[in-house]
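Treat the numbers as computed from the prediction; the structure is a model and nothing was measured.
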Amino acid sequence: MRDNVIKTKSFLFALEIIKISKSLMENKREYVLSKQVLRSGTSIGAMVRESEHAESKNDFIHKLSIALKEANETEYWLLLLRESQYLTPDETENILKSILEIIKLLTSIIKTSKTNR
């Protein structure tokens, strides 16, 4: 059995998002944006997990497409947090690299799945 890269990466990403959100709430007293990034950032992995038990190839593609939309939204919130100076460029450097990698993986999986359906 081979490792499911997107499943692992999206789970580890969600853990990092939880840490960021918790820090924003505790240290910066920022509640609205932190909840937005928490919701979208953790839902990526949830949709990836749902896709494992998709009812059809189309359902699989649909669930991963939702994960991709959530990933794009999460990138937006992270950029907004950086540009509004709630997070520093150093704090966002690695997490932004991670979300871009997840976006590329999801895009590739969706494209391949559409080709092979």
Side-chain angles (χ1 to χ4, degrees):
M1 188 166 112
R2 61 179 205 183
D3 187 32
N4 185 330
V5 176
I6 191 63
K7 182 178 172 181
T8 302
K9 286 186 180 295
S10 61
F11 184 81
L12 294 174
F13 180 81
L15 291 174
E16 289 302 313
I17 287 293
I18 290 168
K19 289 177 192 173
I20 287 171
S21 179
K22 186 176 179 183
S23 173
L24 286 167
M25 287 188 272
E26 290 175 356
N27 301 327
K28 306 265 177 143
R29 302 288 183 231
E30 199 305 303
Y31 302 101
V32 176
L33 296 175
S34 62
K35 287 189 186 218
Q36 291 286 356
V37 76
L38 179 66
R39 284 186 186 118
S40 64
T42 56
S43 69
I44 300 163
M47 291 310 300
V48 168
R49 291 293 291 260
E50 274 195 51
S51 75
E52 289 182 309
H53 298 285
E55 296 173 6
S56 65
K57 187 68 126 182
N58 284 339
D59 188 35
F60 175 79
I61 293 166
H62 177 70
K63 288 182 182 347
L64 288 185
S65 295
I66 294 171
L68 179 58
K69 288 179 183 182
E70 295 293 339
N72 280 315
E73 181 182 341
T74 302
E75 181 190 17
Y76 171 80
W77 293 122
L78 289 169
L79 290 169
L80 191 62
L81 285 163
R82 183 186 69 191
E83 295 305 313
S84 63
Q85 299 176 354
Y86 278 109
L87 295 173
T88 67
D90 288 341
E91 290 172 316
T92 57
E93 182 180 351
N94 288 333
I95 196 84
L96 283 169
K97 284 180 185 174
S98 295
I99 195 61
L100 291 175
E101 185 177 351
I102 288 170
I103 288 169
K104 287 178 185 177
L105 281 168
L106 287 168
T107 301
S108 176
I109 294 166
I110 292 165
K111 184 178 178 182
T112 301
S113 297
K114 284 180 177 180
T115 301
N116 295 335
R117 81 174 133 171

Next on the checklist: Please identify which of these residues, Ile6, Ile61, Val48, Leu68, meets the side-chain contact (heavy atoms from CB on, under 4.5 Å) condition with Ile109.
Outcome noted: Ile6

If you measure from [atom1] on [X] to [atom2] on [Y], what distance do you get to the nearest 0.5 Å?
X      : Y      : atom1 : atom2 : answer
Arg117 : Ser56  : CZ    : OG    : 9.5 Å
Phe13  : Ile102 : CZ    : CD1   : 5.5 Å
Leu38  : Ile17  : CG    : CD1   : 8.0 Å
His53  : Asp59  : NE2   : CG    : 12.0 Å
Leu64  : Ser51  : CG    : OG    : 4.0 Å
Glu91  : Gln85  : CD    : CD    : 11.5 Å

Hydrophobic clusters here meaning ILVMFWY residues chained together by side-chain heavy-atom distances under 4.5 Å, can you tell me if [X] and [Y] are in one?
X     : Y     : value
Ile66 : Trp77 : no
Met47 : Val37 : no
Met25 : Ile18 : no
Ile95 : Phe11 : no
Leu15 : Leu78 : no

Looking at [X], I'd like to know if its [atom1] atom is crowded, meaning that more than 12 non-hydrogen atoms belonging to other residues, nucleotides or ligands lie closer than 6.0 Å.
X     : atom1 : answer
Arg49 : CZ    : no
Lys9  : NZ    : no
Tyr76 : OH    : no
Lys57 : NZ    : yes

Under 3.5 Å, is there a donor-acceptor pair between the side chain of [X] and the main chain of [Y]?
X      : Y      : answer
Thr107 : Ile103 : yes
Ser43  : Ser40  : yes
Thr42  : Ala14  : no
Ser21  : Ser34  : yes
Lys28  : Tyr86  : yes

Within the 4.5 Å heavy-atom criterion, are [X] and [Y] side-chain neighbours or not?
X     : Y     : answer
Thr92 : Leu81 : no
Glu16 : Leu12 : no
Glu75 : Leu96 : yes
Glu52 : Asn4  : yes
Ile20 : Leu87 : yes

Checklist entry - So, are Glu101 and Lys104 salt-bridged, with charged N and O less than 4.0 Å apart? => result no

Next on the checklist: Does this structure show an ion pair linking Glu73 with Lys69, if we count only N-O contacts that are shorter than 4.0 Å?
Outcome noted: no

Item to check | Derivation of the side chain to side chain contact (heavy atoms under 4.5 Å, CB included) call for Leu33 and Leu24 | outcome: CA-CA 9 Å; Leu33 296 175; Leu24 286 167; 5.9 Å; no

